[in-house]
Number of protein chains: 2
Amino acid sequence: MPRTSDKRERLVDAAMTLFHHRGFAQTSLSDIAAQSGVPLGNVYYYFKTKDDLANAVIHERMQHQHGIFQLCEQKDDPKGNLLCFLDFLVEHRADIAKYGCPVGGLCQELNKDESQLSDKADELLNQALKWTTLQFEQMQRKDAAELAQHLLANTHGASLLANTFNEPQIVKQEAEKMKDWIESL
Amino acid sequence: MPRTSDKRERLVDAAMTLFHHRGFAQTSLSDIAAQSGVPLGNVYYYFKTKDDLANAVIHERMQHQHGIFQLCEQKDDPKGNLLCFLDFLVEHRADIAKYGCPVGGLCQELNKDESQLSDKADELLNQALKWTTLQFEQMQRKDAAELAQHLLANTHGASLLANTFNEPQIVKQEAEKMKDWIESL
DNA sequence: GTCTATATGTTGATAGAC
DNA sequence: GTCTATCAACATATAGAC
């Protein structure tokens, strides 16, 4: 038997995708086991409960989102960083229209949960809010927190509309609006 | 036995509240039966399936939302109507922060559903989009649809942030921003 | 029309052989 | 570490007495 196995990674990857596409509550451990090629009973060797697996998914999404923000920081120009983030959303508009924003979706659903998962998911949106606020602060804006809140409100609302009406261009149109807004600051 | 009964109405009311607070998938027919004081087995006399009940809830939300928009039309001034709608959101900011936007929540969740419920829920957001577009059209704006989309994106995103961080003032702050924006048009 | 009892399926989770 | 078999709880939905 191998000392290391990629089963845990495969489980988290499958869960991340399925939670995004179908939602947390609507995804069974059986679905995740099948998608990742791990027998159902073996899932519990890696995760004691479904919530445990969800925590791992949220952690992985944190890492993933952190990587996205790092990619947007290459220029050390805060205004350019924000525009780069909006471009990233536009690039992924097809996915957003089809399945919604993975971060917004998790927060929306887990906010209704009474477990500790709710707070963990909140950290995802908080990470985004902090990064966005930092960019505005580096633009010498005293109202950085307010501006960041406005930007995130718009992008997440745009994702909901795009997903609901299945129209990717809504993400693009709203992103363009926010890019003009940022340029005008 | 009474020819008419309020059981059906009580079931829809209870389902509407529970779907909002806990979500559709996380609410069982047993929960709804208990909350409305109707025995579980009797639910199926009024609704053949859970999806049937969900359809009734969506229809009721359509009526409810229609009533809200009518209340905002009292002045026959389109700009005032839009400001009135934003004031309505601010008034309900505590509920939005606690349970999220009932319309946005339903759309978000049912968008991931493969049944016909998804399309029905979309009509809710579409009703809001149409009304908002009409107001901008009456303001002689050629880009009415675009402006309406921007307004709804912002309010729904603000609801998500307020719900996630449990901060009602986010709804208020963003609504004020959009009121200023509308005044400036 | 109303309600109790129950069928039927799926879920998260466990036991224990290998 | 891995996997099969299975449990117990809960879900939607039905049967049938009243």
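Letters go in sequence order (proteins before strands), and every chain restarts at 1.
As rounded to whole Å, 7 Å separates atom P of D:dG1 from atom OH of A:Tyr46. Separating the CG atom of B:Leu29 from the P atom of D:dT12 is a distance of 4 Å, rounded to the nearest angstrom. Rounded to whole Å, the distance from CG on A:Leu11 to P on D:dT2 is 10 Å. Taking atom CD of residue B:Glu9 and atom P of nucleotide C:dG1, one finds them 15 Å apart after rounding to whole Å. Between the CZ atom of A:Phe24 and the C1' atom of C:dT11 there is a distance of 12 Å, rounded to whole Å. If you take CG of B:Asp31 and P of D:dA11, they are 6 Å apart, rounded to a whole angstrom. Rounding to whole angstrom units, CZ of residue A:Arg22 and C1' of C:dT10 are separated by 14 Å. The separation between B:Tyr44 atom OH and D:dT12 atom C1' is 4 Å, rounded to whole Å.
The one candidate from B:Asn154, B:Thr164, B:Val103, B:Ile96 that meets the side chain to side chain contact (heavy atoms under 4.5 Å, CB included) condition with B:Ser159 is B:Ile96. When the options B:Leu29, B:Asp52, B:Asn55 are evaluated for a side chain to side chain contact (heavy atoms under 4.5 Å, CB included) with B:Phe47, the one that passes is B:Asp52.
By the 30° and 60° cut-offs, the orientation of the rings of A:Phe85 relative to A:Phe88 is parallel.
Using a 4.0 Å cut-off, some side-chain N or O of A:Ser28 falls inside it from OP1 or OP2 of C:dT11.
To the nearest 0.5 Å, atom NE2 of residue A:His66 and atom CG of residue A:Leu71 are 10.5 Å apart.
Side-chain contact annotation: B:Asp113 with B:Ser115, donor-acceptor N/O pair under 3.5 Å present.
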Report, one pair per line, the protein and nucleotides 3-7 of chain C atoms (nitrogen or oxygen only) whose separation is under 3.5 Å.
residue	atom	partner	partner atom	Å
C:dC3	OP2	B:Asn42	ND2	3.2

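Here B:Phe47 lies out of heavy-atom contact (under 4.0 Å) with every strand.
Within the 3.5 Å criterion, the main-chain N or O of A:Ile32 finds a donor-acceptor partner in the side chain of A:Ser36.
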